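Have a look at the structure below before the remarks.
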Amino acid sequence: MDVYNTVERATVPFEPDTSRPIGIYVCGPTVQSEPHLGHGRSAVAFDVLRRYLMWQGLDVLFVRNITDIEDKIIARAQERGVSTDVVAAEADEAFRRAYDLLGNLAPSIEPRATDHIPEMISMISDLIDSGHAYESSGDVYFSVRSFPAYGILSRHDLDDLRSGERVAVDDKKRDPLDFAMWKAAKPGEPTWDSPWGSGRPGWHIECSAMAAKYLGPSFAIHAGGSDLIFPHHENEIAQAEAANGEQFARYWMHNGMLNLSGEKMAKSTGHLVTLLGSLERWDPIAVRLFYLRTHYRKPLEFSEEALADAEASLARLHSFRRRFPPTIDATADANMITRFSSSMDNDLDVAGALGVLFDLVREGNSRLDAGEDANSLASAFDEIMYVFGLTSADETRTEGPDVREIAAQFGIEEGTIDDLLELREGARRDKDWATSDTLRDALADASIVIEDTPDGARWHRN
RNA sequence: GGCGACGUGGCCGAGUGGCUAGGCAAGGGUCUGCAAAACCCUGGACCCGGGUUCGAUUCCCGGCGUCGCCUCCA
């Protein structure tokens, strides 16, 4: 498999150390407010990466952090007159629900910044001892000049970034580009004790410390949004490598931004579409498919049309799958699997792999229409759908819908969907189209769609 | 100003130096009591100008346009 490594600015072979679990660290959200559609994109992109590696039989240790202490959380808590824990817990809950609805696997480990203050303090102390950091009036800053490789990820040259109007000059810093790892306590803020007095951690240090704790000083993949490349990830590298003396992440992967009217969605400007709202309006799995249709590194433009389009595509996939029993005992079609993997091996070309999936669907439908066996295709379909995470809960649900009220209207007490279908089959045999169609309409009103086939009627939820 | 990405048919969106991407939408047909689903067929594409090449949408140079990062941000 090849992946695009941001450090190299090139697609390179992915050669993980398979003697231990493949460590993936994804920068999770700052839980300051509810998620927007862009957050979902990032989560889905790297969930598919993880699923694909797992599907190949690799052992993956997937860590996604939760930043639960940070300037904006503090500001919001103060505005509302509640503690930062309340703000963080509310937003955390919203993120969790949204990620779950989108069909993402739960991370192996989900560390919170506030649970790792000692690890951060320890790393900061080491950096001070080794001359990479210094204390200044209760703050501790990382000295970018002490780390020659600074800028390796973002390809920034220190002298280009220098001072100017864009970087606030702060006389507590030796160099304007030095960044805070520890911030001295301010009134009304949550604080922790440290060797430099009470205060709280800066943003970047948490990821360096938590990644090292759970994945070791050197691990396979570090991922996140492309907006984190500078300064966040650049700073993470500086801290971690200066402290541990080893290469931090070997591969850096970044997803492209989700745009709204041509501009990036962002919390800070309120230029966004909320994620939970979208998941109510559109089928969550269709939202996932909307993300998947565009390569993860490219910008993705939000539009209602695109979401509706994704719903229609998803319906095609589902209606294909409904032509088979829930469990399929067949070897997956080798040709389709090969085509699928070669797309995926090309830096997760999911859009290309979706093309393969739809080819598979057409071929499978054709075979079924011709009365031939298509189980090997269905089996491949299931594998691919698993990797994409497009298998919806609804699809795997086995119990029938509650149609007792409708059944009662047709004179059947405590009737099931099967009873109704039987009734309708009888009416159709008698060419009683009025009853047959009334029944179908009644079920349609309850979001249950009936389709007649040569082998009898099928139903599914709309 | 510095660093970087992108520009494909009505819409969305892969990919490739010469061989059908795919989805959605549109038109025509088959099947069906009707419907739905499905299958078949059709149209239409690679921002502009140079260059390399037998041949470029694909490589190189230039231009135009859009966007991201350089400040919190998935």
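Proteins come first, then strands; the chains are lettered A, B, ... in the order of their sequence lines, and each starts at number 1. If you're wondering where the values come from, they're calculated on a predicted model, not measured in any experiment.
Here B:A38 presents its P atom at 11 Å from CZ of A:F320, a figure rounded to the nearest Å. Counting to the nearest Å, the C1' atom of B:A37 and the CD1 atom of A:I450 are 13 Å from each other. Between A:E234 atom CD and B:G2 atom C1' there is a gap of 14 Å when expressed in whole angstrom units. Atom P of nucleotide B:A5 and atom CZ of A:R9 are separated by 7 Å, given to the nearest angstrom. Between the CG atom of A:D347 and the C1' atom of B:G15 there is a distance of 14 Å, given to the nearest Å. Separating the CG atom of A:L314 from the P atom of B:A37 is a distance of 14 Å, rounded to the nearest angstrom. Distance A:D309 CG to B:A14 P: 13 Å, rounded to the nearest Å. Put simply, CZ on A:R293 is 5 Å from C1' on B:C12, counting in whole angstrom units.
The base-pairing partner of B:G55, taking Watson-Crick or G-U wobble contacts with both distances under 3.5 Å, does not exist among the strands shown. In a base pair of the Watson-Crick type (N1 to N3 plus N6-O4 or O6-N4) or a G-U wobble (N1-O2 and O6-N3), with each distance short of 3.5 Å, B:U42 is matched with B:A26. The partner of B:U66, taking Watson-Crick or G-U wobble pairs whose two distances both stay under 3.5 Å, is B:A5. The partner of B:G49, taking Watson-Crick or G-U wobble pairs whose two distances both stay under 3.5 Å, is B:C61. In this structure, B:A21 makes no Watson-Crick or G-U wobble pair, since no nucleotide meets both defining distances under 3.5 angstrom. In a base pair of the Watson-Crick type (N1 to N3 plus N6-O4 or O6-N4) or a G-U wobble (N1-O2 and O6-N3), with each distance short of 3.5 Å, B:U16 is matched with no nucleotide.
Minimum atom distance to the side chain of A:N365 is reached by B:C39, of the listed B:C67, B:A37, B:C39. Listed nucleotides B:A74, B:A38, B:G33 differ in distance to A:R424; the shortest reach to its side chain belongs to B:G33. When distances are taken from the side chain of A:T294 to each of B:A38, B:A14, B:C72, the shortest belongs to B:A14. You'll find that the side chain of A:R155 is closest to B:C3, out of B:C3, B:G33, B:C69. Comparing B:G13, B:C67, B:G33 by their closest approach to the side chain of A:N259 singles out B:C67. Listed nucleotides B:A74, B:G13, B:A14 differ in distance to A:H295; the shortest reach to its side chain belongs to B:A14.
Taking atom P on both nucleotides, B:C48 is separated from B:G65 by 15 Å, rounded to a whole Å. The separation of B:G50 from B:A56, taken at their C1' atoms, amounts to 13 Å, rounded to a whole angstrom. With both ends at atom P, the span from B:C12 to B:C67 equals 15 Å, rounded to whole Å. Using C1' as the reference atom, B:C64 and B:G13 are 23 Å apart when rounded to the nearest Å. B:G4 and B:G62 have their P atoms separated by 13 Å, with the value rounded to a whole Å. Atom P of B:G68 sits at a distance of 43 Å from the matching atom of B:C54, rounded to the whole Å. Taking atom C1' in both B:G28 and B:G33, one finds a spacing of 24 Å when rounded to whole Å. If you take atom C1' in B:U16 and the same atom in B:U8, they sit 12 Å apart, rounded to whole Å.
Proximity of A:S343 to the phosphate of B:G15: no side-chain N or O atom is located under 4.0 Å from OP1 or OP2. OP1 or OP2 of B:A38 has at least one side-chain nitrogen or oxygen of A:R316 nearer than 4.0 Å. For the OP1/OP2 pair of B:C69 and a distance below 4.0 Å, the side-chain nitrogens and oxygens of A:K264 include at least one atom meeting the criterion.
Contact annotation for A:S436: base contact, defined as any heavy-atom pair under 4.0 Å involving a base atom. Looking at heavy-atom distances under 4.0 Å, A:G28 makes contact with sugar-phosphate atoms alone, never a base. When heavy atoms are screened at a 4.0 angstrom cut-off, A:I229 is found touching no nucleic acid atom at all. When heavy atoms are screened at a 4.0 angstrom cut-off, A:Q32 is found touching no nucleic acid atom at all. Among the heavy atoms of the strands lying under 4.0 Å from A:G262 are primed sugar atoms or P, OP1, OP2 only; no base atom is included. Within 4.0 Å of A:S154, counting heavy atoms only, lie sugar-phosphate atoms of the nucleic acid but no base atom. Counting any heavy atom pair closer than 4.0 Å across all strands shown, A:L357 reaches no nucleic acid atom. Nucleic acid contact class of A:D349 (heavy atoms, under 4.0 Å, all strands): sugar-phosphate only. Backbone-only contact: A:K267 has heavy atoms under 4.0 Å from sugar-phosphate atoms and none from a base.
The residue among A:D227 and A:A308 whose nearest nucleotide of RNA chain B is located toward the 5' end is A:A308. Nearer to the 5' terminus of RNA chain B, by closest-nucleotide assignment, is the contact made by A:R428 (compared with the other of A:H460 and A:R428).
The side-chain heavy atoms of A:R323 and A:N365, taken from C-beta on, include a pair separated by under 4.5 Å. Side-chain atoms of A:F290 and A:L258, non-hydrogen and from C-beta on, do get closer than 4.5 Å to each other.
Figure legend: A:R174 and A:Y141 shown without cation-pi pairing, the cationic atom not lying both under 6.0 angstrom from the six-membered ring centre and within 45 degrees of its axis.
Aromatic rings of A:F230 and A:H156 (six-membered ring for Trp) have centroids within the 6.0 Å cut-off, being under it. Between A:H222 and A:H233, the gap from one ring centroid to the other is short of 6.0 Å.
Judged by distance alone with a 3.5 Å cut-off, a donor-acceptor contact links the side chain of A:H156 to the base of B:G2. Counting atom types as modelled, A:D452 pairs a side-chain N or O with a base atom of B:C34 as donor and acceptor under 3.5 Å. If you check distances only, the side chain of A:R440 does reach the base of B:A35 with a donor-acceptor pair under 3.5 Å. Under 3.5 Å, the side chain of A:K298 and the base of B:C6 form no donor-acceptor pair of N or O atoms.
Each of A:I417, A:V449, A:T438 was scored for a side-chain contact (heavy atoms from CB on, under 4.5 Å) with A:L443, with one residue passing: A:I417.
A salt bridge is absent between A:R428 and A:D432: the closest approach of a Lys/Arg side-chain nitrogen to an acidic carboxylate oxygen does not fall below 4.0 angstrom.
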(request) Show the numbers, then the answer: is there a side chain to side chain contact (heavy atoms under 4.5 Å, CB included) between A:R41 and A:T294? (result) CA-CA 10 Å; A:R41 184 185 191 192; A:T294 301; 4.0 Å; yes
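Classified by interplanar angle (parallel below 30°, tilted 30° to 60°, perpendicular above 60°), the ring pair A:H36/A:H39 is tilted.
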